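One structure is given here, and the rest of the page talks about it.
Remember, predicted model here, so these are calculated numbers, not experimental data. Any value given below was found using the heavy atoms of this structure, including those in side chains, with hydrogens, waters and symmetry copies removed.
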Amino acid sequence: MYSIFAVFFSLLAPGAGAVFNAQYLKGLVFILLFCLGKSFFLPLFLRFFARANLVRGLKIIYIFNIVYISIIAISIIDSALFASDKNANFILAFVCAVCARAVQINTLNENIFNMLSGNNLFFTYVKPPRKK
């Protein structure tokens, strides 16, 4: 029963399931990778390894997305496997999940991404504009 709650919190934000299971350090690592992955680490990788080369930059974005999805999947599987009813923290896990989603959504900003990556070529491939 508790593994269902842990998976639910991990689906809201990776790392929240680990917080639910009272594995705070592991949860913090997953939450930081989830929140800052595309908004901080990806532009720095593009700055150092792609510069203005569009093809190399698209390959880095492709590989980074595979790693990002893998981290999310590992977080979900980990929270399901290590769920226990001894130290379940419903409220803390929910607060962590909501805060992590808010940070992840609000930090993926075009201006910040372009400044960290050093050019404005790649943001439209990371987050395509919405159709009106």
Side-chain angles (χ1 to χ4, degrees):
M1 178 68 180
Y2 285 93
S3 62
I4 294 171
F5 289 118
V7 168
F8 172 73
F9 286 124
S10 285
L11 288 172
L12 287 178
V19 171
F20 175 77
N21 294 332
Q23 298 172 335
Y24 303 115
L25 184 61
K26 188 187 300 184
L28 179 67
V29 169
F30 280 130
I31 287 172
L32 286 176
L33 288 175
F34 173 69
C35 291
L36 300 177
K38 286 190 177 182
S39 61
F40 182 72
F41 297 126
L42 177 60
L44 291 180
F45 274 104
L46 290 172
R47 181 180 201 100
F48 293 120
F49 297 116
R51 293 285 173 160
N53 188 345
L54 184 63
V55 175
R56 186 183 303 161
L58 292 176
K59 288 179 183 178
I60 290 173
I61 291 171
Y62 178 75
I63 292 169
F64 195 86
N65 282 333
I66 291 172
V67 171
Y68 195 69
I69 291 169
S70 301
I71 289 170
I72 293 170
I74 289 169
S75 170
I76 293 169
I77 293 168
D78 179 71
S79 65
L81 291 178
F82 295 108
S84 68
D85 59 345
K86 294 177 185 175
N87 299 320
N89 295 316
F90 289 97
I91 296 173
L92 184 60
F94 181 74
V95 169
C96 285
V98 170
C99 291
R101 282 298 292 162
V103 168
Q104 193 262 343
I105 290 169
N106 291 323
T107 56
L108 190 56
N109 185 337
E110 183 174 9
N111 295 328
I112 296 170
F113 191 92
N114 291 339
M115 284 188 289
L116 287 174
S117 66
N119 57 33
N120 57 1
L121 295 172
F122 302 114
F123 186 76
T124 56
Y125 296 106
V126 173
K127 187 176 179 184
R130 292 184 177 182
K131 296 179 182 177
K132 294 181 181 181

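Rounding to the nearest 0.5 Å places CD1 of Ile105 at 10.0 Å from SG of Cys35. Atom CG of Asn21 sits about 11.5 Å away from atom OH of Tyr2, to the nearest 0.5 Å. Distance OG/Ser70 to CG/Asn65: 10.5 Å, rounded to 0.5 Å. To the nearest 0.5 Å, atoms CD1 (Ile60) and CZ (Phe48) are separated by 12.0 Å. Once rounded to the nearest 0.5 Å, the distance linking CZ of Phe9 with CG of Leu11 reads 11.0 Å. The structure places SG of Cys96 at 9.0 Å from OH of Tyr24, a figure rounded to the nearest 0.5 Å.
Here the shortest heavy-atom pairing between Gly57 and Phe122 reads CA-CE2, 3.5 Å. The two residues Val7 and Ala80 come nearest to each other via the heavy atoms CG2-CB, 3.4 Å. When all heavy atoms of Ala83 and Ser3 are compared, the closest pair comes out as CB-CA, 3.4 Å. Across all their heavy atoms, Ser75 and Gly15 have their closest contact at OG-N, 3.0 Å. Minimum interatomic distance between Arg47 and Met115 (heavy atoms only, all atoms of both residues): NH1-O, 3.0 Å.
Both Leu42 and Leu58 are members of a single hydrophobic cluster when ILVMFWY side chains are connected at heavy-atom separations under 4.5 Å. Residues Leu92 and Val29 are members of separate hydrophobic clusters, defined by side-chain heavy-atom contacts under 4.5 angstrom among Ile, Leu, Val, Met, Phe, Trp and Tyr. Cluster annotation: Ile71 is connected to Leu108 through the hydrophobic network of ILVMFWY side chains, with a link wherever side-chain heavy atoms come within less than 4.5 Å. Under a hydrophobic clustering in which Ile, Leu, Val, Met, Phe, Trp and Tyr are joined whenever their side-chain heavy atoms come within less than 4.5 Å, directly or via other members, Phe49 and Tyr125 fall into the same cluster. Grouping the Ile, Leu, Val, Met, Phe, Trp and Tyr side chains by contacts below 4.5 angstrom, directly or via other members, places Ile72 apart from Ile31.
For the ring-ring contact (aromatic ring centres under 6.0 Å, His included) test, residues two or more places apart in sequence or in another chain that qualify with Phe123 are Phe113. Every residue was checked against the ring-ring contact (aromatic ring centres under 6.0 Å, His included) condition with Phe8, not counting sequence neighbours, and none meets it. Not counting sequence neighbours, Phe64 has no partner by the ring-ring contact (aromatic ring centres under 6.0 Å, His included) test.
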Q: For the pair Ile61 and Leu46, evaluate side-chain contact (heavy atoms from CB on, under 4.5 Å) and give the outcome as yes or no after the intermediate values.
A: CA-CA 8 Å; Ile61 291 171; Leu46 290 172; 4.2 Å; yes
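For residues 67-102, the set of pairs meeting the ring pair (Phe, Tyr, Trp, His ring centres under 6.0 Å) definition, not counting sequence neighbours, comprises Phe5-Phe90, Phe20-Phe90. Listed by first and then second residue, the side chain to side chain donor-acceptor pair (under 3.5 Å) pairs that reach into residues 93-120 are Ser39-Thr107, Arg101-Gln104, sequence neighbours excluded. Applying the salt bridge (Lys or Arg N to Asp or Glu O under 4.0 Å) definition to pairs two or more places apart or across chains, those involving residues 16-41 are Lys26-Asp78.
Remark: side-chain polar atoms of Ser10 are paired, donor with acceptor, to backbone N or O of Ala6 under 3.5 angstrom. Using a distance-only test at 3.5 Å, with no hydrogens or angles considered, no donor-acceptor pair links the side chain of Arg56 to the main chain of Ala50.
Within a 6.0 Å radius of CD1 in Ile91, other residues, nucleotides and ligands contribute 12 heavy atoms or fewer.
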